[in-house]
Amino acid sequence: MLEKAKGLLHKGLVAPSGRSGVPPFMVMDVMAAAARLEAQGRRIVHMEVGQPAVGAPAAAVAAVRATLGSGPHGYTETLGIASLRRRIARAYADWHGIEIEAERIVVATGSSAGFMLAFLSAFEAGDRVAVALPGYPPYRHILSALGCEVVAIETSAESRWSITGESLLAQHRIKPLKGVIVASPANPTGTMMTGEALAGLIGCAEEAGITVISDEIYHGLDYAFAAETAAKISEDLIVINSFSKYFCMTGWRIGWMVLPPALIRAVERLQGNLAISVPALSQIAAEAAFDGRAEMEAVKHGYEDNRRILLEGLPKAGFETFLPVDGAFYLYADVSRFCDDSFDFAKRMLEETHVAVTPGVDFDPQRGRHFIRFCYAGSAAEMHEAVERIAAWLRR
Ligand SMILES: Cc1ncc(COP(=O)(O)O)c(C=O)c1O
C-alpha cells in the first residue's frame, strides 16, 4: 500500500480556491521567530499570543476526569447539552441581572465557530458588513472567505476607538450595510465601549436594519468599568462569547452564542451539517467551569496587577501613548516615535530584548505600522522583566 502511494505522480490538479486566500496571522511569524531563539537557548518573555498562561479551572478538569470512565461521550444535541445551555443562561442572570431563555443559547466550538454560524445564518454572500479598525483580523477574513464584503471603519480617539452610530450610518448611506461587528473589550486594544455608547450604536443599527453581532469574549476581564452585554439592550442581535479567555480554556474549543429566536433553527441546521455537535468532553468541562469562578477571579486579579505594572513601567521605558487599557489583557502602544514599521520594530525588539510582541499591522493594515500589542496574560515577574529589558533597549 505504502509502496503504491509513494509511486503516485503529483499531477497538480488541485488548486486552492480564491476564497481561501485570506491573509495569515502575522503573530505566527513572531511566534516562529521566538521559537527559533528559544531553540538556541534564549529565554523569551512571551507577550505576543492572546491567551491566558494558566489552564482551565480545576473544577472543569475534575469534571472531565470523573466522566472519562463512564462514556460513551458520543455526539450531543446539535445546539449543545441542555444542562450547559441552562447553566449559561443562568450566568446572564448572575452577571447581568437579565433573564435569557436557555433555548436562545447555542453552544459552539469556540467563538470562532460562532462567527461562522452567525455570518452564515444572518448574511448572504455579497452582503456588506462593517468591522472596526483596529480589530480582530478573523472577523474580516472569515467574512471575506464567506463572500461577504468587509467594510472597515477606522476608529479614533474621539469615539474611544469604537464604531459610532454616526460612522456606521455614514457607510450605510454610501451603500446599505447588512451587519456590524462590535467588540468590548476589544482585541487588540483592550478598549471598552460604555453601556451608553453600545446602546447608541445598537439603536442606530436597528433603525437602519443593520444586524449587530457583539463579540463579548473578553467579558469578565474588565477593569476600567463594568462591561455591558448587548443582550441586555436588545433581543434582535447576536451575542458571541467563549470559555477561552475568562475561563482560560482556549484549547478546549468551546464557546456560545445568544441568538434572536428567528435564527435558532437556522443555526441548528447549519451546525448539524457543519459539525454535528460540539465535543462532549469540552461541554462537560464548560458546565463545571462555572464552579471555578473564585479561581478565575484570582487569575483576573493577576491580570490587573500586570496591567498596573505595564501602565507604570512602559511610560518610564519610553512608550508614552496607549489606547485606553480598559479590559481583556492587551495594551496597544503607539511606537511612531521609534519607527514607521511596527513589524520590523517587533522583530528587532524580539532579537535584541527577547520580548515577543505583536505588530499592529495584523489588526490595522495601515495605521498598525505605528502600533504594537502587548498581551499581559503572563506572570507579574515577566511583566517586570519585559519592562526592564525594553527600557534598557530603548535607552541604547
Ligand atoms: C476578539 C476575539 N474574538 C474571538 C476570538 C476567538 O476565540 P475562541 O475561538 O477561542 O473562542 C479571539 C481570540 O483571540 C479574540 O481575540
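In what follows, every heavy atom counts, from backbone to side chain, and hydrogens, waters and symmetry copies are set aside. Counting starts at 1 for both ligands and their atoms, in listed order.
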Any idea which protein heavy atom is nearest atom 3 (N) of ligand 1, and the distance to it?
Asp215 OD2, 2.7 Å
Just by distance, do the side chain of Arg369 and the backbone of Gly360 share a donor-acceptor pair under 3.5 Å?
no
Quick one: look up the protein heavy atom nearest atom 5 (C) of ligand 1 and list residue, atom name and how far away it is.
Tyr136 OH, 3.3 Å
The atoms of ligand 1 lying under 4.0 Å from a heavy atom of Tyr139, numbered in the order shown, are 1 (C)
Counting N and O atoms only, with roles assigned by atom type, does the side chain of Lys178 sit under 3.5 Å from a partner on the main chain of Thr211, one being a donor and the other an acceptor?
no
Taking Arg337 for its side chain and Gly318 for its backbone only, find out whether a donor-acceptor pair lies under 3.5 Å.
yes
Could you label the plane-to-plane angle of the Phe243 and Phe247 rings as parallel, tilted or perpendicular, counting under 30° as parallel and over 60° as perpendicular?
tilted
Has the side chain of His141 got a donor or acceptor atom that lies under 3.5 Å from a matching backbone atom of Val22?
no
Side-chain (Arg389) to main-chain (His354) donor-acceptor, under 3.5 angstrom:
yes
Quiz item: cation-pi between Arg87 and Phe290, 6.0 Å / 45°
yes
Can you sort out which atoms of ligand 1 are near Gly110, meaning under 4.0 Å from one of its heavy atoms?
9 (O), 11 (O)
Polar contacts were defined as any N/O atom of the residue lying under 3.5 Å from an N/O atom of the ligand; does this apply to Thr250 and ligand 1?
no
Looking only at the side chains, is there a donor atom on one of Tyr330 and Tyr218 sitting less than 3.5 Å from an acceptor on the other?
yes
Does Trp256 approach ligand 1 within less than 4.0 angstrom via side chain, backbone, both or neither, non-hydrogen atoms only?
neither
Determine whether the side chain, the backbone, both or neither of Ser111 has a heavy atom under 4.0 Å from any heavy atom of ligand 1.
both
Just let me know how Tyr218 lines up against ligand 1, side chain, backbone, both or neither, with a heavy-atom cut-off below 4.0 Å.
side chain
What part of Lys245, side chain from CB on, backbone N/CA/C/O, both or neither, has a heavy atom under 4.0 Å from ligand 1?
side chain
With atoms numbered from 1 as shown, which atoms in ligand 1 lie under 4.0 angstrom from a non-hydrogen atom of Phe115?
3 (N), 4 (C)
So for Ser112 against ligand 1, with non-hydrogen atoms under 4.0 Å, the contacting part is both
Ligand 1 to Asn187, heavy atom cutoff 4.0 Å, flagged ligand atoms 1 (C), 15 (C), 16 (O)
Which of these passes side chain to side chain contact (heavy atoms under 4.5 Å, CB included) with Thr358: Phe371, Phe363, Phe374?
Phe363
Per-atom contacts of ligand 1 with Arg253, taking only distances under 4.0 Å to non-hydrogen atoms
8 (P), 9 (O), 10 (O)
